[in-house]
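Working notes, beginning with the structure itself.
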Amino acid sequence: MVKWVDSAIVVASVAVVIAALVAMFVALMAEVVVRYLTNQGMGWPTEMPNILFPWLVMGGIVLAAQRGQHIAVTAIQGWLGRGGNRLLLIGHQLLITATFFYLAWVGLDVIEITGGEIYPVTGISARWAYLAMITGFVGLGLTALTTLVHLLQSGDPLAIRAHNIEDDL
């Protein structure tokens, strides 16, 4: 079940990142072409980065968490044994889980506040841009929970979400 959740999070993150990049590129390219041909802009493509960039960023952050590619300070892990590292990493994942689910909860209030902001040309609510934050926080919280399960089942706690440079090639 945990592997399925991790796979679903990775697929969703990759889909969000690719969709946001493609949509922003197409919108901005269309704006450039129309401006070049007519000396007038369409207007709506300039609003697309405001709506889609938060989705791109949060998708990338969740994907990095899934792959263990965030910057980490590991000096203390060299001093701790396997049991100490397991306790440290379990505490770390519990803190991450609580923090990001709390931020997602608080983000619901932000959406209520920003719901009245409307982009003038597209008529899209700013709520959609802020929803990216909440979705990303939930993704990070779920990633921390699945990491916690992996930590409880693994023989080597440092192998969980360890970044392998070979995976980047």
Side-chain angles (χ1 to χ4, degrees), residues 2-74 92-93 95-148 150 160-169:
V2 172
K3 287 183 181 182
W4 182 85
V5 171
D6 280 337
S7 295
I9 291 170
V10 168
V11 167
S13 296
V14 168
V16 164
V17 166
I18 290 172
L21 273 173
V22 168
M24 284 191 299
F25 177 78
V26 168
L28 294 174
M29 181 57 87
E31 177 75 2
V32 168
V33 169
V34 168
R35 188 173 295 274
Y36 179 76
L37 293 175
T38 67
N39 272 347
Q40 294 179 351
M42 294 185 293
W44 66 267
T46 58
E47 292 179 357
M48 289 295 101
N50 294 337
I51 298 166
L52 296 174
F53 190 72
W55 288 96
L56 173 67
V57 170
M58 290 309 289
I61 289 170
V62 171
L63 192 57
Q66 277 286 320
R67 294 183 175 174
Q69 292 178 322
H70 282 291
I71 295 172
V73 179
T74 58
H92 186 216
Q93 296 311 311
L95 180 63
I96 290 171
T97 301
T99 300
F100 283 111
F101 283 140
Y102 173 74
L103 287 172
W105 179 260
V106 170
L108 294 173
D109 292 335
V110 173
I111 284 200
E112 286 297 319
I113 294 167
T114 62
E117 296 177 24
I118 305 293
Y119 290 105
V121 178
T122 59
I124 296 174
S125 171
R127 174 179 292 163
W128 289 105
Y130 287 98
L131 184 61
M133 300 292 286
I134 294 171
T135 305
F137 292 153
V138 169
L140 289 167
L142 289 173
T143 297
L145 281 177
T146 59
T147 303
L148 180 63
H150 289 300
I160 305 302
R161 305 248 192 250
H163 179 245
N164 296 319
I165 194 79
E166 295 85 20
D167 294 341
D168 294 341
L169 299 176

- Which residues share a side-chain contact (heavy atoms from CB on, under 4.5 Å) with Ile18, sequence neighbours left out: Val14, Val22
- Message: So, using side-chain contact (heavy atoms from CB on, under 4.5 Å) as the criterion, who are the partners of Val106 when residues are at least two apart?
- Response: Tyr102
- State which residues pass salt bridge (charged side-chain N to carboxylate O under 4.0 Å, His left out) with Arg35; sequence neighbours excluded, sorted by chain then number. Glu31
Expected list for residues 37-46: side-chain donor-acceptor pairs under 3.5 angstrom, two or more places apart:
unit_1 : atom_1 : unit_2 : atom_2 : d
Thr38  : OG1    : Val34  : O      : 2.7
Thr38  : OG1    : Gln40  : N      : 3.2
Thr38  : OG1    : Gln40  : O      : 3.1
Thr46  : OG1    : Gly43  : O      : 2.6

- From OG1 (Thr143) to CG (Leu148), nearest 0.5 Å: 12.5 Å
- Note on the structure: Here the pair of heavy atoms bringing Thr97 nearest to Ala144 is OG1-CB, 3.2 Å
- Any pair counted as salt bridge (Lys or Arg N to Asp or Glu O under 4.0 Å), so long as it reaches residues 99-110, sequence neighbours left out: none
- Looking at residues at least two apart in the chain, or sitting in another chain, which of them share a salt bridge (charged side-chain N to carboxylate O under 4.0 Å, His left out) with Glu47? none
Listed pairs under 3.5 Å, donor-acceptor, residues 124-142 side chains, sequence neighbours left out:
unit_1 : atom_1 : unit_2 : atom_2 : d
Ser125 : OG     : Gly115 : O      : 3.2
Ser125 : OG     : Arg127 : N      : 3.0
Thr135 : OG1    : Leu131 : O      : 2.9

In residues 6-13, what donor-acceptor pairs under 3.5 Å come from side-chain atoms, sequence neighbours left out?
unit_1 : atom_1 : unit_2 : atom_2 : d
Asp6   : OD1    : Gln66  : NE2    : 3.1
Asp6   : OD1    : Thr146 : OG1    : 2.6
Asp6   : OD1    : Arg161 : NH2    : 3.0
Asp6   : OD2    : His150 : NE2    : 2.9
Asp6   : OD2    : Arg161 : NH2    : 3.4
Ser7   : OG     : Lys3   : O      : 3.0
Ser13  : OG     : Ile9   : O      : 2.9

- Which residues satisfy the side-chain contact (heavy atoms from CB on, under 4.5 Å) test with Val16, sequence neighbours excluded? Trp55
- Mind checking the OH-CG spacing from Tyr119 to Asn50? Nearest 0.5 Å is all I need. 4.5 Å
- Query: With sequence neighbours left out, what residues match Ala98 under side-chain contact (heavy atoms from CB on, under 4.5 Å)?
  - Reply: none
- Message: Taking ring-ring contact (aromatic ring centres under 6.0 Å, His included) as the definition, give me every residue that meets it alongside Phe101, ordered by chain and number, with sequence neighbours left out.
- Response: none
